[in-house]
Structures are given as structure tokens and as C-alpha cells.
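Computed from a predicted structure; not experimentally measured. Chain letters run A, B, ... following the sequence lines, proteins first, then strands; residues in each count from 1.
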Amino acid sequence: MAENRQVNNQEDKNLYQQEVHELLKRRREELEDLKQSGVIPFGYEYDVTGYSKSIIKEFKDDAPAKRYRVAGRIMSMRKMGKASFMHIQDREGRVQLYLRKDALNEQYDLVKLLDIGDIIGVEGEVFRTKMGEVSIKADAFEILAKSLRPLPVVKERKKEDGTIVRYDPFSDKELRYRQRYVDLIVNPQVRDVFVKRARIIKFIRDYLDNQGYLEVETPALQPIYGGAAARPFVTHHNALDMKLYLRIADELYLKRLIVGGFDGVYEITKDFRNEGMDRNHNPEFTMLELYVAFKEYKWMMDFVEQMIAKLVYAIHDIYEIPVGKNTVDFKPPWKRLTMFDAIKEFTGVDISQMDEKLLREAAQNLGLELDPAAGAGKIIDEMFSEFVEPKLVQPTVIMDYPVSMSPLAKPHREKQGLVERFEVIVNGQELCNAFSELNDPIDQRSRFGEQTALRERGDDEAHMLDEDYLRALEYGMPPAAGLGIGIDRLTMLITNQESIRDVILFPQMRPEGK
RNA sequence: GAGGCUGUAGCUCAGUCGGUAGAGCAUCUGCCUUUUAAGCAGGUGGUCGAUGGUUCGAGUCCAUCCAGCCUCACCA
């Protein structure tokens, strides 16, 4: 009850502000004026025959004028008494309109009721103005949606060298994320990032489909979560009266499908992890996972290298792209280092023969502060994260990880205590994670046992024992290589965005309170 | 979770030592039929994030809270 009242108060307040605020009030009055004069301020359709950029591109000064019907949002206006110029924005970009009284006759009176932000449809001939801009001379227009809120006005000026100066850009990050629709309208570069994101996902999907891999869907609601070390979101199913978790990874279900006889499956979907948020973490994020039967991790290295390089080329037409202050060259082959060699290269310390005690000493000599509970694997990971990872700017494959950090990966065929796992590091960050999949059910059970022990010691991110997954492995899973790529971070890299919030349309935010 | 920075008009921002809240754009009125950050003249518009305190007086100083960003921690 108290909650309802609060909501109502909030609604009242919003209504009140809409009533009172001068700019909102004015637009509502304009809307009434339009209705009074018999104009429908929210049209039903518009038969569009041309788009801004294409129209401008196809224009020829010496050819007969072409007619088009265009539709878009008014982004700027210059009203000059009996003639007006405006730019409308459609899916391709912007085009200038020229509206004059002697072409529009009595309809010209409506022009004074148009605002920046309104969506209109316009019909007319293309021509070039005295100042040289290809424009559309309107002989009719319709209002398709009257805008009732003032759009942030971003003015642009083209300098003589062709570069565009933007004045008063809509730049408040909080407002941009909360009102992404406004961000997309006024910041074309934001739109571009999300178009690229879509192209990235489509490229990957096409690439995998063309190689014969099957796209599948596995449960997002899971009774037992697994496949990664993370805390889950918990929910409840009413009819079954049971606790369910939102997936933190797809891995264990996809490998069940490898058991089932599909020999190449992938999924591109949302995972959910109940953790802190920062420039690299959003509670829901998009993962690609791929599993290929009868292959192992070195095959997967070649595969990822090719796929990512081709992806970068498909998006940018070049392998070298700017990432932050650096230029990253994705052209294969990429440097490959074992984790031990990488640590040796950047710290001068050879840890390949060290036991936990020696490792601890070596780490402390390098100035690392260690949790006393940290085991050998954790210490190695710390050393790597601290001294190596930040320095790897160019794509680098790091391989052969300690077994204790990889409970689902297959033991290294030659090196005791390691698994056949690799990550690709770019610009100091993990781009993907992959390994030869553990298919020995006895070994897998004992790995789960170690995780259970960790869980009992209070590590709530340790893996849960998944009895059904073990049952599946006991039927026999072919050897397989698996790969995980965070699509959001991949997109950050390829579009050179420094925050995950800039590649997610609606990033998670605290509730808006006023 | 800790520290730092930020919050002033629809947007982008100034605001000095505590002394009657400012600019540009948007918006309104008037003029203007090839303008383009259109122009010219004149207006409107503010719970200074919220609450409390100090003070004769707070946008400014103090405390608490809210939101955002950054760094660290946690975490892939």
C-alpha cells in the first residue's frame, strides 16, 4: 500500500512537471493547435522512396531533377519567414529540406508549428542550393509524430578542412545510458557502435554456420549452475516450487550435446553473473561458446586466430586498428607463449619447477601481496595478472594453465600439473578462453570434489557438483575443443570503446530516483 | 566495500572572498523566399541533486543521504 502511494506520488510529480514546465506545456499546446486545425499529428504510415545519403549520392547536377518521398526526424531548423531550411535524419543520415511558401501554399502555415524532434514525411524534388548542399525542395509534407519533449540540440559546423565541429554534445553519461533513445538520436557515433556490434555477431554466426556448426539453445534457468566461477542470480519457479539459477555459462549443457552426437555446436546468448559492475562488467552479458568434437586446443588456437582476424578485417577492411592509445595488429600469426615462459619473459623468474613454497617466495620477492590461503595456481595467476597481462598489447596466445584453476579442462598430455588451456590477451585483457575439454568422468568427478571442498570452505564461486553432467560423461564424450568469447568485450575492442556500457544498449543502472 | 571527482535553465557550462543566480544554444514575440553553429531586435525560463546545520545572510562552508564517473578491492 505504502509502495503504491509512493508510485502514485512519483506519477503525480511527473504529470505536474509536464503540466508546469514551459517547454513541455508549449508543445502540448501546439499539439492541440494542430488537432484544432484538422491536422493528424501522429500519422499512420508514409511511403518512403528514398533515404538521405543515397539521395545525395545519386544526385547529378546535369540530370533532370528526381522526386522522392523521405521521412525522418527534424534535427535542425532555420526558419526565414516565407521559406525555411531544416535537416531531417533517417536511417542513413541527414538530408536538408527546403520548404517555401509558394511551393507549399497554405500548408506552409504548419511549418511554424514544427519543432526539432518532430518526425515528418516530405515529398519533393532534389536540387542543389546556392551554398552547394544537395537538398529536397518540399511540395508537400505530413507530420508523422509530433515530439512533446525538447530534444537536446547538438549543432554541427563543417570546418573548411571537412572535419565536423560539434557544439554542446549530449554527453552526460548517466542521461545517455538512461535515455539511450535520445543518445541514439543525437549521437550518430553511438548508433554506429551498435550497428557494428550487430555486424560482429552476424559475422560470427555466418562464419560458424558456414563451417557446419550447429547453433543451439540451452536453458537460461538452471537447477544447478556451472561452467564458470561466479555467483549466480537466484529465482524461483512457482509451479515446481523450486529454486532456479540464471545461467552463468553454457558450457555443461553444450558438452552434453557433444555427448549426444552433435560434433560441433555453438550458442550466442546472455549469461548472468551476480557481481560488481564496472567498465568491464555488466550483470548480464553476451557470450559465444563453441565446442568441436575430435579437436583439441592447438587446433582451436588456429581457429580463433583465423576467425578473429577475418572478423576485424570484415569490419574495418584492415587488420590494424586503434585501441585506446595503441594500434593493435590482428594479422596472423599471433605470438604464442606458455604461461611459464610469459612469466619468465616479463619477470625473469623461471617458475616451471617451483612448488607452492618456492612460488610464494618468488611472488613475494617480486613485491606481490598474497592471500595466505592462495594455492600454487592462484599464485601463478596473480603473477601473470600483475606482471604479464597488462603488458600484452598485441594479440598473444597464453597457453598451459595450472590444473587447479581449470576444473573442466583436460590434463596436459606432457606437462604434469597443467591443463591444455589457452587464452588470447589483447590490449592487456582476455579476449577468449579455450581448452581441450576434460572427457574422463572419473577425473571430472574428482575435480568437482576439489571444488566441493572449496565451496565447503566458504568459496561461493566454486563449481557445484553436477551429477547429471557426470552421468553424461560416463556415457562417453569424444575429445573436444571448447571456446568462450565475451561478445561485449570483443565489441569494445573492435569499436574502440573503453566501457562495456558503451557497447550495451541498455546497461544496468541503479533505479532512477528523484 | 575504500578513496577521489562531479551534480547550477531542456542541452553544454561559468559562478571570484559567503552578500539580490549567469552565458551560449533551445524556447517565445517581431522582421526575414537559397539558409546551414542562419541573422537582427526584444522577452520567458531556476526546489543551484536531497535533507539538516553554521551564519544577519549559503549555489558557495560543515554533516548525512542520493545518483553518476574514475581509481583500487572483488571479479573474468
Point to revise | Interatomic distance, A:Leu24 CG vs B:A9 P [rounded to whole Å] | key: 15 Å
Review point. Looking only at side-chain N and O atoms, does A:Arg510 come under 4.0 Å of OP1 or OP2 in B:G68?
Key: yes
Exercise for review: Would you mind reading off the distance between A:Met131 atom CE and B:U33 atom C1', rounded to a whole angstrom?
Suggested key: 16 Å
Practice item. Measure up the A:Phe422 and A:Tyr297 rings against each other and bin them: parallel (under 30°), tilted (30 to 60°), perpendicular (over 60°). Key: tilted
Practice item. May I ask you to evaluate whether A:Lys155 reaches the phosphate of B:A38, defined as a side-chain N or O under 4.0 Å from OP1 or OP2? Key: yes
**Study point:** Phosphate contact (B:U71 OP1 or OP2) by A:Arg279 side-chain N/O below 4.0 Å
**Key:** yes
Check your understanding: Tell me: CZ of A:Arg149 to P of B:U27, nearest whole Å?
Key -> 17 Å
Check your understanding: When you measure from the centre of the six-membered ring of A:Tyr98, is the NZ or CZ of A:Lys137 under 6.0 Å away and within 45° of the axis?
Key -> no
Check your understanding: Closer than 4.0 Å, any side-chain N/O of A:Arg26 to the OP1 or OP2 of B:G10?
Key -> no
Point to revise | A:Phe285 ring center within less than 6.0 Å of A:Phe272 ring center | key: no
Exercise for review: Using the P atom as the reference point in each nucleotide, state the distance between B:U36 and B:A23 in Å, no decimals.
Suggested key: 25 Å
**Study point:** Length of the CG-P vector between A:Asn105 and B:U33, whole Å
**Key:** 16 Å
Check your understanding: What are the residues of residues 111-124 of chain A, sorted by number, that bring a heavy atom to within less than 4.0 Å of RNA chain B?
Key -> none
Revision key, fill the gap. Looking only at B:C74, B:G10, B:U35, the nucleotide nearest the A:Glu133 side chain is B:U35
Practice item. From the options B:G24, B:C74, B:C75, select the nucleotide whose nearest atom is closest to the side chain of A:Asp168. Key: B:G24
Practice item. Specify the separation, in whole Å, of atom CZ of A:Arg28 and atom P of B:U27. Key: 18 Å
Practice item. Describe the nucleic acid contact of A:Arg273 in one word from base, sugar-phosphate, nothing, applying a heavy-atom distance below 4.0 Å. Key: sugar-phosphate
**Study point:** Nucleic acid contacts of residues 73-95 of chain A, taken as heavy-atom distances under 4.0 Å to RNA chain B
**Key:** A:Arg78, A:Lys79, A:Met80, A:Gly81, A:Lys82, A:Ala83, A:Phe85, A:His87
Practice item. Pick the P atom in B:U44 and in B:C70, then give their distance to the nearest Å. Key: 40 Å
**Study point:** Cationic tip of A:Arg91 above A:Tyr51 ring, under 6.0 Å, 45° of axis
**Key:** yes
Point to revise | Nearest-neighbour nucleotide for the A:Asp278 side chain, B:C74, B:U33, B:U35 considered | key: B:C74
Check your understanding: Would you call the rings of A:Tyr245 and A:Tyr225 parallel, tilted or perpendicular, where under 30° means parallel and over 60° means perpendicular?
Key -> perpendicular
Point to revise | Identified side chain to side chain contact (heavy atoms under 4.5 Å, CB included) counterpart of A:Arg176 within the set A:Leu184, A:Val186, A:Asp502 | key: A:Asp502
Point to revise | Intra- and interstrand pairs of RNA chain B - dot-bracket, Watson-Crick/G-U under 3.5 Å, | marks other strand | key: (((((((..((((.....[..)))).(((((.......))))).....(((((..]....))))))))))))....
Review point. Counting any heavy atom closer than 4.0 Å, what does A:Glu430 reach on the DNA or RNA strands: base, sugar-phosphate only, or nothing?
Key: base
Point to revise | Over 12 foreign heavy atoms within 6.0 Å of NZ, A:Lys391 | key: yes
Exercise for review: Answer with yes or no whether A:Gln96 presents, from its side chain, a donor or acceptor under 3.5 Å of a partner atom in the base of B:U35.
Suggested key: yes
Practice item. From the options B:A73, B:A26, B:U33, select the nucleotide whose nearest atom is closest to the side chain of A:Val153. Key: B:A26
